[in-house]
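Comments concern the structure below.
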Amino acid sequence: MARTALVTGASSGIGREIARELDSRGFRVILTARREDRLRELADELLDSRVIVCDLSREDECQRLHEEVKGEKVTVLVNNAGFGKLGDFDKIPLEDELRMIDTNVTAVHILTKLFLQDFKAADRGYILNVASSAGLMPGGPLMATYYATKAYVTSLTSAIHEELKMAGSRVKISALCPGPVDTEFNSVANAQFGVKSISAEYCAKRAVEGMFAGKMIIVPEKTLAFVTKAAHIPPRRLILAATGKLQSDKKV
Ligand SMILES: NC(=O)c1ccc[n+]([C@@H]2O[C@H](COP(=O)([O-])OP(=O)(O)OC[C@H]3O[C@@H](n4cnc5c(N)ncnc54)[C@H](OP(=O)(O)O)[C@@H]3O)[C@@H](O)[C@H]2O)c1
């Protein structure tokens, strides 16, 4: 029987490429997102897949997704669905931010817990939480809520990674922390990148390699890995000012 992976946010960008990468490695891939036509298009191209349409900003939908795949013996969970919004904190509509927190934080939290319980019971499985290099920074002026959601994902994932290590578990969990990736992220965030981006395909390959290697934090770009490590050395306020400048350049 083929091994099975569940990928959230598979209708576009990084999630779609991770689904393709897992398919090329012989996985049956369960694809989920809100846009069914996009998911079906991808499913037609993959060897063995299933489509589940789901709005992960709703807690009941996260629970339903877990229930629906109960019989599938999922051994890989990729929590990838997410989005950002660029703008001054006081100007971004509250409802957009609450939906962001529900999608980027609450859904990742719920699915990580439910699948980790299953994986620990079976003593096998991999969880890849798609955070961002934003999650390794002290904060992100003009994308304050987005950076905060990704800091949550990075912190949660790192702590669980250590818990699993302490317990000698065979279950692995990783946080993917890329810089700019060429996807639909910008059109949703109403932004443009001020620095060079990598392709979603390259990002997905490094992500899947890192996940199976059991890495805690996966930074696909070598230069960025250095920058994110160095970001912990200078005073916090200097990094915040530099990040604020970078974010201003993103204004469309
Ligand atoms: N692109 C970058 O520069 C970058 C860098 C670092 C991290 N990331 C992270 O990478 C992840 C993927 O983003 P991307 O860059 O690939 O952007 P993208 O092309 O816009 O893809 C986002 C995916 O998330 C899904 N999604 C959004 N809201 C959802 C909801 N409520 N329920 C279910 N699915 C939902 C979208 O599907 P539907 O719209 O069909 O629901 C889509 O498949 C995100 O977590 C993002 O924060 C991106």
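Order of listing sets the numbers, starting from 1, for every ligand and every atom in it.
Scored by the ring-ring contact (aromatic ring centres under 6.0 Å, His included) test, Phe83 finds no partners at all (sequence neighbours excluded).
Taking CG from Asp60 and CG from Leu65, the interatomic distance works out to 11.5 Å, rounded to the nearest 0.5 Å. Distance check, rounded to the nearest 0.5 Å: CG of Leu164 to CG of Leu116 gives 5.5 Å.
Pairs engaging residues 233-252 under the ring-ring contact (aromatic ring centres under 6.0 Å, His included) rule: none recorded [sequence neighbours left out]. Within the structure, every pair that satisfies the ring-ring contact (aromatic ring centres under 6.0 Å, His included) test and touches residues 36-75, not counting sequence neighbours, is listed here: His66-Phe115.
With a 4.5 Å cut-off on side-chain heavy atoms, Glu17 and Cys203 do not count as touching.
For ligand 1, the protein residues placed under 4.0 Å by at least one non-hydrogen atom are Gly9, Ala10, Ser11, Ser12, Gly13, Ile14, Ala33, Arg34, Arg35, Cys54, Asp55, Leu56, Ser57, Asn80, Ala81, Gly82, Thr103, Val130, Ala131, Ser132, Tyr146, Lys150, Pro178, Gly179, Pro180, Val181, Thr183, Glu184, Phe185, Phe193.
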